Amino acid sequence: MNPEGLLYTKDHEWIGITGDTATVGITLHAQEALGDVVYIELPGVGDKFEAHKSFGSVESVKAVSELFMPMSGEVTEVNSTVKDNPETLNSDPYGKGWLIRIRIANPAEASALLSAQAYDNYIATEA
Amino acid sequence: MSAGKRHGLLPAGLGARNTLRLEAGLLLYGNDIDRTTTLLEAGLGWIVKPGKGRFVGSESLAREKAEGPKRRLVGFEMLGPEIARERYPVKVDDQEVGHVTSGSPSITLNKNIGLTYLPVDLAAVGGTCDVLIRKRACKAQVVSTPFYKRSRE
């Protein structure tokens with residue numbers, strides 16, 4: 001159900017790695033749990049974060065949820081479309097709803113992430 | 001649910017009801033009013049009829065009426081896109097003056113609204129304050145309540 005080419009965290013972020021850069025977003029499951037997203041706060045280009053650190057937040061009408069870095073890195077691009085149209089996060093979380101692109105600081109951290117299959121299993125047990 | 005279907009009955013959770021009561025300017029005990037707030041501060045003076053004899057708190061209510069309340073519960077709307085939520089600090093001229101007692105996006109108005117106590121001299125409609133959202137001061141403007149009133153035809 002979740003795309004095969006991506007890696008996942010237990011905080012419900014996904015990361016798509018291409019060489020030393022990666023695209024980060026939140027999973028289908030995460031946006032379903034949130035409900036309609038009404039506001040997104042994202043970092044600036046050049047900001048650096050360690051893995052597991054908060055890099056922003058998404059808000060539904062009811063609540064704020066923090067976004068956590070799947071891997072350490074420096075922000076190289078921010079999706080301004082999703083910032084201006086938060087509903088994109090609900091309609092296309094793995095596509096137009098991507099959040100940031102990063103330059104990966106430590107490729108070895110990828111080994112701590114979940115495969116699509118492992119993430120599917122994880123959310124099945126969490127539910 | 002099936003019995004109410006032809007009347008347009010829909011399920012509504014706590015979040016939906018909280019948004020609706022806030023848009024209507026209805027106060028939530030424990031959030032907007034509690035043991036530290038007074039009737040006059042909350043704009044609820046109309047509830048108590050004076051001159052009907054003594055009751056617990058009648059002296060302090062009379063005193064507050066004579067002196068005027070020191071702060072007042074006001075409605076505000078955010079001037080930027082940020083969402084104010086309960087317990088976020090409220091500042092005026094970099095001085096913390098209180099906190100958001102209720103705050104939510106208003107789906108009906110497409111604005112982010114909330115309630116807070118402000119010192120009376122700052123509580124007039126049109127005045128501004130800052131809501132501290134994740135350490136950032138975000139501008140809000142005092143508006144009249146209820147935020148939303150259904151038009152009756």
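A note on names: the letters A, B, ... follow the listed sequences, proteins ahead of strands, and every chain is numbered from 1. Quick caveat, the model's predicted, so the values are computed rather than measured. Both backbone and side-chain heavy atoms feed into the values below; hydrogens, waters and symmetry mates do not.
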State whether the number of non-hydrogen atoms from other residues, nucleotides or ligands found under 6.0 Å of [X] atom [atom1] is greater than 12.
X	atom1	value
A/D36	CG	no
A/E50	CD	no
A/K53	NZ	no

message: Applying a heavy-atom distance below 4.5 Å, give me the residues of residues 60-72 of chain B that approach chain A, sorted by number.
response: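 The residues closer than 4.5 Å to chain A amount to none at all.
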
task: Using non-hydrogen atoms and a 4.5 Å limit, figure out which bit of A/S57 sits close to chain B: side chain, backbone, both or neither.
output: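 It is the side chain, since no backbone atom gets that close.
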
query: Quick one: does B/S104's side chain get under 4.5 Å of A/V61's, heavy atoms only?
result: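 The answer is yes, as the side chains (C-beta and beyond) meet within the 4.5 Å cut-off.
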
- prompt: What part of B/L14 lies closer than 4.5 angstrom to a heavy atom of chain A: side chain, backbone, both or neither?
  reply: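 Contact with chain A is absent: no heavy atom of B/L14 under 4.5 Å.
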
- prompt: What do you reckon, are the aromatic ring centroids of A/F68 and A/H12 less than 6.0 Å apart?
  reply: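 No; A/H12 has its ring centre 6.0 Å or more from that of A/F68.
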
- request: Mind running salt bridge (Lys or Arg N to Asp or Glu O under 4.0 Å) on A/E41 and B/R136 for me, showing each step along the way?
  value: CA-CA 12 Å; A/E41 216 163 70; B/R136 249 184 33 238; 3.6 Å; yes

Whether A/Y122 side chain and A/T9 backbone form a donor-acceptor pair below 3.5 Å: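 Judged by distance alone, no pair lies under 3.5 Å.
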
